[in-house]
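All chains are named by letter (A, B, ...) in the order of the sequence lines, taking the proteins before the strands, and each is independently numbered beginning at 1.
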Amino acid sequence: MQTSDPDARLMLAFREGDESALSELYGRWAGPLLRFLERMVREPAIAEDLMQETFVRVHGARSRYTPDARFSTWLFRIGRNLALNELDRARNRAPHRSIDEQTTGDPSRPGLRLVAGGSGLEELVEARREHARVERALAELPERQRSALWLAAVEGYSYAEIAEVLGTSDASVKALVHRARANLADRLQEGGEARREAKR
Amino acid sequence: MSERDESGRDPQRSAEQEAFDARVSAAIDGALDPAARAALEREIAADPALAARAQALHDVDAGLRTLAADPIAADRLERNFEALQARLGSPAAAVFANTADTANTADAANPALRGWLRRAGVPILTAAAAAAAVLYLWLPRSADPGATPAPARMAGAASEVEKGGASARPSDEAVAIALGYGEDPATWQLAPGVPIDDLEIIEELELLEYLATHETEGRG
């Protein structure tokens with residue numbers, strides 16, 4: 001079967017028995033998938049488990065794989081479904097915790113990138129605070145809006161590809177992305193105004 | 001802060017404002033046809049309030065991409081890859097260990113050499129250990145036999161912190177390390193060692209304390 005997607009070609013090679021193709025797919029997609037899952041479950045260790053589980057499912061489904069769409073949309077769809085199951089389980093087993101309580105102290109948790117010898121300390125602190133503000137505002141969005149916006153803005157997916165991941169229509173993805181973007185803009189603006197007010 | 005409905009929508013926002021947001025959003029995603037995009041651009045150019053709103057929507061994407069630009073530590077991905085392989089029961093692959101893999105390939109290509117090495121391995125290792133012991137006893141000792149040279153970048157950063165304010169204000173890098181930042185082994189860039197949510201207030205207090213301490217030392 002012909003496909004222009006290099007990842008789909010790797011997956012087909014893996015289906016035919018080339019074990020190294022799965023390693024290459026992991027090398028290409030583990031990072032983006034992990035970032036996406038971290039925004040969904042907001043716990044780095046759980047996101048790692050889900051990322052591993054996603055690749056286990058890919059491994060298990062290889063004989064049934066057909067390159068109908070981009071490999072990565074298939075991968076993200078598996079990951080998101082697993083994350084939704086995990087969120088359901090978490091909701092049933094534990095009381096709600098605020099985002100602020102959900103820090104793990106994991107030193108490998110992604111944070112602000114600082115270039116050595118770069119900007120001054122004040123800018124550094126300010127950039128870090130801004131980073132935290134965006135992360136928190138994003139976490140407050142409903143899950144479908146958050147996922148849709150992340151896939152559009154960060155992964156650069158088309159509405160059709162996001163619809164593939166979310167299992168919905170292009171039109172509803174368009175509405176989800178627009179609503180998410182507007183909500184996030186409002187929340188960031190409100191946060192910025194509150195901070196300016198507090199400084200006065 | 002205004003109240004929102006279940007979808008997070010602000011009911012105070014008019015239908016007209018909603019429609020404007022939707023068009024800007026579609027334009028950002030490249031889903032607006034050229035004629036509609038040109039009309040939108042004219043509208044934005046004529047109204048500073050609309051221009052500010054369009055910029056705010058645009059900034060959302062920039063903010064998200066900043067989050068995504070943070071490097072994920074290579075050892076984190078590697079650790080997960082090893083765990084994945086253990087679960088799948090598959091042999092180590094080449095993603096993270098190209099050098100080791102090349103060596104394994106060369107080894108596998110020559111079974112005779114591999115067999116000889118396996119048979120000769122124990123005597124060779126014993127002889128090497130004996131030679132090392134003789135050299136250790138015979139050669140003069142350094143002042144600190146346990147000392148191992150630190151990598152140049154880290155050694156430099158550490159000495160900056162140790163020097164403190166003796167010369168002048170510490171470098172940004174030294175202060176960042178003192179605040180709990182470390183170097184990401186994947187990129188050799190400084191990366192935070194504490195979760196982002198902890199840093200709202202504590203960070204500034206620690207920073208002030210650190211600078212005050214070193215300023216005093218510098219004067220003394």
Exercise for the section: Pull out the residues in residues 147-169 of chain A that come under 4.5 Å of chain B, heavy atom to heavy atom, sorted by number. Expected result: Leu149(A), Trp150(A), Ala152(A), Ala153(A), Val154(A), Tyr159(A)
Side-chain heavy atoms of [X] within contact of [Y], under 4.5 Å:
| X | Y | answer |
| --- | --- | --- |
| Arg179(A) | Glu18(B) | yes |
| Leu77(B) | Met51(A) | yes |
| His59(A) | Leu84(B) | no |
| Phe55(A) | Leu88(B) | no |
| Glu130(A) | Thr66(B) | no |

Completion exercise
Those residues of residues 52-59 of chain B that come under 4.5 Å of chain A on a heavy-atom basis, listed by number, are Arg53(B), Ala56(B), Leu57(B)
Exercise for the section: Might you point out which heavy atoms bring Asp49(A) and Arg87(B) nearest each other, and give the distance in Å? Expected result: O-NH1, 4.4 Å
Completion exercise
Nearest heavy-atom approach of Ala68(B) to Arg35(A) is O-NE, 3.0 Å
Handout entry: Interface moiety of Leu184(A) toward chain B, non-hydrogen atoms closer than 4.5 Å
Key = both
Completion exercise
Per-residue tally against chain B (heavy atom, under 4.5 Å) across Leu141(A), Leu176(A), Val134(A) peaks at Val134(A)
Handout entry: Partner set under salt bridge (charged side-chain N to carboxylate O under 4.0 Å, His left out) for Arg80(A), not counting sequence neighbours
Key = Glu143(A)
Problem - Other residues, nucleotides, ligands: >12 heavy atoms within 6.0 Å of Arg28(A) CZ - result: yes
Handout entry: Any donor-acceptor pair under 3.5 Å from Arg181(A) side chain to Asp21(B) backbone
Key = no
Completion exercise
Across all chains, not counting sequence neighbours, the side-chain contact (heavy atoms from CB on, under 4.5 Å) partners of Ala38(B) are Arg42(B)
